[in-house]
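First the proteins, then the strands, lettered A, B, ... as listed; each starts at 1.
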Amino acid sequence: MSAWFSPDSIDDALALIERHPDARLIAGGTDLLVRRRSEMSDIPLISLERVAALQGIEEVREDGMLAIGAATRIAELAVSPLLAANAPLLQRAALSFGAPAIRNMASVGGNLCTASPAGDCLPPLHALGAQVELIARAGRRRLPISDFIVGPGRTSLAPGEIVTRVLLPSRDRFAWQAYEKIGRRQSLAISVVSFAALLRLDDEQRIAEAHLAWGSVGPTVVTAPELANWLLGKPLDQSLIDVAAERARAAVCPIDDLRAGADYRRALAGNLLRRFLRRVQHG
Amino acid sequence: MTKTTNDVNALAVGANETRADAKAKAQGREPYAADYYPDGVLWAGAVRPGARQGVAHARLLAIDTAAAAALPGVVKILTAADVPGTNRQGIVHKDMPVLVGDKLRYAGDPVALVIAESREALRQAIGLVVVSLEPLPAVCDPVAAMAEGAVRVHDERADNLLAAAEIRLGEGAQGLDHCDVVVAGSFSTPVQAHGFIETENGVACCAPDGSLTMTISTQAPFRDRMEIAHALGLSFDQIRIVAPCLGGGFGGKDGATVQCLLALAALHSDGRPVKMVWGREENLLAGYRRHSCRVDYRLGANRDGTLEAVHCRLVYDTGAYAHLGGEVMALGMEHAGGPYRIPHVLIEGQCVYTNNPVAGAMRAFGVCQVTFAFEAMIAELARELGIDPLALRRQNALLPGDTNCAGVVVGESTGIADCLDLIAGHPLWLERAAWKDAAPPGTQRGVGLAAVFNAAGYGAKVRDSAIAKVELTGDGQFVVHNAVSDMGQGNAAAFVQIAGHVLQQDAARVSVRQPDTATAYPSGSSSAGRTTFTFGNALIVACEQLKARLINRAGLLLFVDDDSTLTLVPGKIVHQASAREVSLARLAGFLRDEERSCLGEYVAPLCPDPGTGKGFFIGFPHVVFAYGAHLARIEVDLSTGQIRVVDYLAVTDGGQVINPAMYDQQVHGGVAQGLGYALMEDLATRDGQVLAGDFSRYLIPGALDLPEITSVACPGEESRGPFGMKGIGEVAMNGPLPAVANALADGCAIHLRDAPLTPERVLLALESLAEESSQ
Ligand SMILES: Cc1cc2nc3c(=O)[nH]c(=O)nc-3n(C[C@H](O)[C@H](O)[C@H](O)COP(=O)(O)OP(=O)(O)OC[C@H]3O[C@@H](n4cnc5c(N)ncnc54)[C@H](O)[C@@H]3O)c2cc1C
C-alpha cells in the first residue's frame, strides 16, 4: 500500500510535494480512488483535508469577493448562508451532486481539477465568473476558471501547484439564477446536460445582463458569450425565446456517448434555456 | 410436571409476523458467502482475455503463463489441460467450458485460472498472463445469426439455433383473417442485469480424502453438486455445498457461476481453502443476464372487443451458451397471449446463439419481454376500437375453466378479472381524468395499465419436488432445515412462520438452518415462484408428522389415550382437562436422535399435455399462475423527455397470503426492478463487448426514481398451495414496462416500441410527433 501524508498547513503540503515529486494530492478521493481502483498504484498520497486554509467559505473584505476553500466539501456548499445570498445556483448544483455520502466527501477543488465536462460545479462557476487561486513554492497566481480548465480532464495546474481557493465576484444583483442538471436518474447520475444561468432584467423588462453556461455538451463548459451578448437590451418575448433556444442548439458541440446521443443533448441545451427564459418571462 | 403460564403467542400464517431474518440483516450480522475468510485462504480468479483484447470470438492460440507464474505469491495457474472430466457446465445443455481450450465464444470466456496468496497478487498475475488469440468474425445480432452462412458460435450448430418451437390453437394465424380489427407492432427489449449487491462468490476446500466443501452464493446447492461433478469428473457425493443467505439472486445465481472454477482451484490448493469473488465489472461481463428479445405481433379482435386471434414471433438472444435459454423462450411463449381468452393462436419462438455475453435466468424470465409487446397491443386495440382499455381487458380476461393461450385449461385460482376489478374501483383509476388535467406547465400526464401473469413451478417434464426436514432439538427448540436458498425473498422466514403455525410455536422457539447438502435434502432451486409453494408443502407434511409424534409421546408420558385432548402450545404439550403438561425440552429427552426429526415430501402438480406445442424440450406448459393488474400514473417533462412515475398500483393474485408485509415487499421489489427495466436499465454491447461495464454506467433506479408503490392483495386461494398461497416473486416484474409505456401513449400519444423508455427516446418521439402535426 502507498504512503499517506496529512499536512496541516499549505507550507507543509508544498514541502511534501517537493520531497515526493511523484505524489498525488487527494481531497475527498471520490475521483482519485475510483481511478486507483483499476490502477492500484503505489503512488504516495498527500491529503488536503487537514489544511485549515483550504476549508470553508468566507467573504474577502478587500475586493468583496466570496472565497471558497478548495477542500470545502460539496455538502458545505449546499448549506452555506453566504452562497444562499450570493450564488444560489451553485447551491442548487451542490444539491444535485451525487448523493449525500458523495457530497460529504467530494470537494469543490477536486471537481475543478478533475475537469470533467460533466462536473456539476463547473457551469455555475463559469456563469459566476469565478477565479481560481493557485499556490506553488514560486508563489501565488489567480486565473479565470475558463483559463484554468483547458480541456476534458485537462487544467493549467502546473506540477507542484495546489488549488487554494475559488473566488466569486459579487453576483447578488442577479434576481434570476438557475441550475438544472439532467441525468439518467435522480441521484448518483452524471449529467447528460447541465445548464447554469444568471440573468437580470432592467426596469422595462429587457435583458440587462446574462451569463449562461452548459455542461456535458462540449469538451469544456460552453458559455456562448455571443448569445448572452445578443440577448442584451432585448425584450423577453416568445420570439426572442425561440430564437435564443435555436441559437443555444447551434452553440453547443456535444458528442454521442453511452448516456445520450448528440442530437438529444443539443435539443436539451435549447430546451433548458427556453424553460429558464420562460420562467423569467412569467416572473 | 409443573404448570407454567403460557404467555407467548404462536406464529400464525396470515399474520404480519416479523421476518425471522429482519434483525440480523438490519444489523448487518447475517453472514453471506462473501463474508467467509477461513484462515490461510488462497484467492482464485479467471483470466478473460476477450474483454481485454476487444474480441468476442477468437481461436485460442497460446497461453504464456511464465511472467505471471514468476510473480511472488502466485501458487498455480491452470488451463483447460488441467480440467479433469468433461470440462462442460450447464443446467440442461452442457455447452459451456469451465476453461476454454479451443475458442472463445464471447468476451468473458475464461482461458486460465490463477491461484494466489493474496488478492493483490491475484490481480497482478491475471494481468500478466499473455494470451494469443486469432480473432474470428463475430456474430452479435440474433437475426443475422440465423441467416444462411452465418458464422457459427458452436461448430455443430449451423443455424445457431439453440431452440425453436411453436404453440398453435384453433386456426392459428389464419384466425386473423376474419377479425374486424387487426393491430400490429414490432418491439425490442434490452438486456437487464440482476444487479444483486453480493456478486458471485464462494469459498472451497478440498480435504485429504478428496471431498470438497464449498460455501457458495447459490440458488441451487443440490444441483451445483451435479454440475461440478459432471464438469470435473468427480462424484457428486464427494461435494458438499453450504448456501448461506444470498445478497440477492434474481435468477443470476441459478446455475454455475464460480462453482466449477472454484472447485477446480480447490483441487489444486493442497488442502488450503480458496476463495473466489467476482468484482462488479466481472459480474457484468461474465455473469448471466436477462435475454434481449425482438418481438413481432399481430392481434385481432371483433368490433365488440372480443379477442379472436394472435400471431407473434419471438427471437431471444441467448448469447454464447445455452444456460436456460430454451426454457426462457418456452416460458415467454407460454405467456405471449397475455392472461386472456384467445381462440386462435400462433406463437413462434426462436432462441439463438450469438457471440454476446451469456443470458440466463432472471426474475420473470422470458415473460417480461412479451408482456411489454402484448400489453401495448391491447392498449392499441382499445384505442382502435374506441373501448376503454380496462373494460377491454376485463372483457377478455381469463376466468376459471377458460383455455389460455397455451391451450391449458386454467383452474379455480385465476384471479386476473378480480385484479382488474380492484383497479377499476381504485381512486388512482377513478380520479385519473382530474389528475391528468392538473398537469403542471411544461408537463403532460398519462395513466397506463398492464394485465400480467407468471407461471409458477418448473413446468412439464421436470420433476418439481421438495423434501423438508424439521427437527426438535435436545433442548426443545425447533429447527427447519431449509433446502432452497433464501436470496432475500424471505422464504426462510416464511418457513419459520409455517412451522410455527403448524407446531403452534412462537418465534423464539423456531429457527432455520440455511441449505447444506450434508444435512438437508434435494429440493430443487430457489426459483420459478416455486420456492415457498413446493418446499412449504413438504414442510407442512414434516411438521404435521412431528406434531403427531410429539402428541403421541406426550400421551404416553401423561397417561392420556385421546390425542384430541392434548394440545401443542409454545414450549410444551398440555392436557387441559387435568391441567397437566410436559415441556418440549423434557419430551425431547425421551426421544432418540432419529425420532426428533421428520421429513416431509411434496411433488408439485403436473400438467397434462394439451397437445398445442411443438418443439419444446422441457418446461412447457405450467398449471399454476400468479396474476396481476398494474396501473402507472406518469408525468412527462416535455422539455427533457424525462418520465416521472408518480403513482404505482399493483394488484396481485397470489392466492392466500402467508405474511402480508413480506408479500408487499415482493411486489415492491418486483415493481422497482420492473421500473428499472422500463426506464433505464440497458446492459448494451457493441460487437460483443459490454458498454456499461460498471455501476457508474449501468444504472438502476434509486429511491428518488421510485414512486410510492401501493400493493393490494387480491383475495383468492390456490387449493394446491401451502395454506392456499402461490408464488408471487416474479409476476410484479412484468407490469411496469407495459404500464409505463401505455401511460406514455395515453399522455403524449407516442408509442415507443423499444425499451427502455429513455428520456432521449421520449423527447425524439415528442419532436417527431410535433413535426407531423405541424405538417
Ligand atoms: C459515486 C460518485 C458520484 C459522483 N457524482 C458526481 C456528480 O453528481 N457531479 C460531479 O460533478 N461529480 C461527481 N462525482 C465525481 C467527484 O465526486 C467530483 O468530481 C468531486 O468533486 C471530486 O472531488 P474530490 O475531493 O473527491 O477529489 P479527489 O478525488 O480527491 O481528487 C480529484 C483530483 O483533483 C486533484 N486535486 C484535488 N484537490 C486539489 C487541490 N486543492 N489542488 C490540486 N489538485 C487537487 C487530485 O490530485 C485528483 O487528481 C461522483 C463520483 C462518485 C464516485
>> Is it the case that the side chains of A:Asp31 and A:Thr114 hold a donor-acceptor pair, with the cut-off being a distance below 3.5 Å and no angle test?
In response: yes

>> Heavy-atom pairs under 4.5 Å with chain A: which of B:Asp637, B:Asp682, B:Asp705 has the most?
In response: B:Asp705

> Under a 4.5 Å heavy-atom cut-off, does chain A meet the side chain of B:Glu281, its backbone, both or neither?
Replying inline: side chain

>> Please rank B:Leu638, B:Thr640, B:Leu704, B:Leu764 by heavy-atom pairs under 4.5 Å with chain A and give me the top one.
In response: B:Thr640

> Given a strict heavy-atom distance threshold of 4.5 Å, which part of B:Gln642 is in contact with chain A: side chain, backbone, both, or neither?
Replying inline: side chain

> Is B:Arg697 paired with A:Asp257 through a side-chain N to carboxylate O contact shorter than 4.0 Å?
Replying inline: no

>> What part of B:Leu679 gets within 4.5 angstrom of chain A, counting heavy atoms only: side chain, backbone, both, or neither?
In response: backbone

> Are B:Glu681 and A:Arg185 ion-paired here, with the side-chain N under 4.0 Å from a carboxylate O?
Replying inline: no

> Salt bridge or not for A:Glu180 and A:Arg275, using N-O below 4.0 Å?
Replying inline: yes

> Going by the angle between their ring planes, with limits at 30° and 60°, are A:Phe276 and A:Trp176 parallel, tilted or perpendicular?
Replying inline: perpendicular

